[in-house]
Amino acid sequence: MHRYKKKLGQHFLQDANIARKIIELAALTEGEPVFEIGPGNGFLTAFLLRASIRVTAVEMDAELLPGLRDRFVTGGGHGLNLVHGDVLKLDLEREFENIVQRHGKICVVANIPYQITTPIIFMLIRHHHLFSRAVLMMQAEVADRLLAGPGSKSYGRLSIMTSLFCRVHSGFSVSPGCFYPQPRVWSKVVMLSFLSRPSCQVADVVWLGDLVQRLFSQRRKKIINPLTDWRLNLERFQIEDLLRQNGFSPDCRAETMSVGEFCRLSNLLRQYR
Ligand code: SAH
């Protein structure tokens, strides 16, 4: 009997209807390569292997591997490539370069470990050229941040960086009762479709991320405050002038700025680091 590891975010899906809806949303074609993060006991994996002949799954919990191997790998021919390890430490380029070259971009489909949802999304974005889309089950609170726009209280760094590289589609909500053991929160399935180029022109993505983080550290304050005494070689009055000259109000607030405005501001301030 498997002991569930809270630390690893183990909440195993046990509702076949939900699994079918996830597969439907992903709309996989037979030869399309799939990447599953955290297959657990293989509930979703079984559905994936019916939809695609090419599934790579990475699972960190060594205790789950024999079960997964017995079920899907031994005997061969099932098309599952099972990898043991931490998804955040996986060399995605090495793992997927050949597959992408031969079979096209990868579709990520997963009920991911909730304690690392944000790092997983940032990791996928960093390697967005490998992926066509990602259908992810996550805690509703993070899904809402992905879907949020300016003015919403869920709007922040995650919303901005995601919408720069993906179109975000809201899927459906999933109640705690669909899992064992049950999570404390509701979940949502979201699909990220990776864009072939960023939705706005941005000169330096890392710098943009730092700027966005800085501005949202004081999300309700006028942007002039978090910009003062930061990493710019400018005095407060110089920043004010620069903002005005470029059509930004020093009095505007991060939570109301659009992705395009963040990109334009980041391209402008980059010259004064
Ligand atoms: N997909 C399965 C299990 C979801 S629970 C299902 O729907 O039933 C999350 C799974 O991710 C668990 O199996 C857990 O062991 C695994 N996991 C947690 N952290 C991980 C990490 N850093 N890398 C890879 N797998 C991880």
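Start at 1 and go down the list; that is how both ligands and their atoms are numbered.
Nearest heavy atoms, V212 versus R157: CG1-CA, 3.6 Å. Taking every heavy atom of both residues into account, D86 and L88 meet most closely at OD1-N, 2.8 Å. Nearest heavy atom pair, residue S154 against residue R145, reads O-CG, 3.3 Å.
Ring centroid separation for the pair F216 and F262 comes in under the 6.0 Å cut-off.
Residues F131 and L192 fail the side-chain proximity criterion, which asks for heavy atoms closer than 4.5 Å.
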**Message:** Walk me through whether T117 and Q139 qualify under side chain to side chain donor-acceptor pair (under 3.5 Å).
**Reply:** CA-CA 8 Å; T117 302; Q139 59 274 54; 2.8 Å; yes

Between the protein and ligand 1, which nitrogen or oxygen pairs come in under 3.5 Å, and how far apart is each?
residue  : atom   : partner : partner atom : Å
ligand 1 : 1 (N)  : G38     : O            : 2.7
ligand 1 : 7 (O)  : N111    : ND2          : 2.7
ligand 1 : 8 (O)  : L13     : N            : 2.8
ligand 1 : 13 (O) : G40     : N            : 3.3
ligand 1 : 13 (O) : E59     : OE1          : 2.8
ligand 1 : 13 (O) : E59     : OE2          : 3.4
ligand 1 : 15 (O) : Q10     : NE2          : 2.9
ligand 1 : 15 (O) : E59     : OE2          : 2.6
ligand 1 : 22 (N) : D86     : OD1          : 2.8
ligand 1 : 23 (N) : V87     : N            : 2.9
ligand 1 : 25 (N) : M60     : N            : 3.4

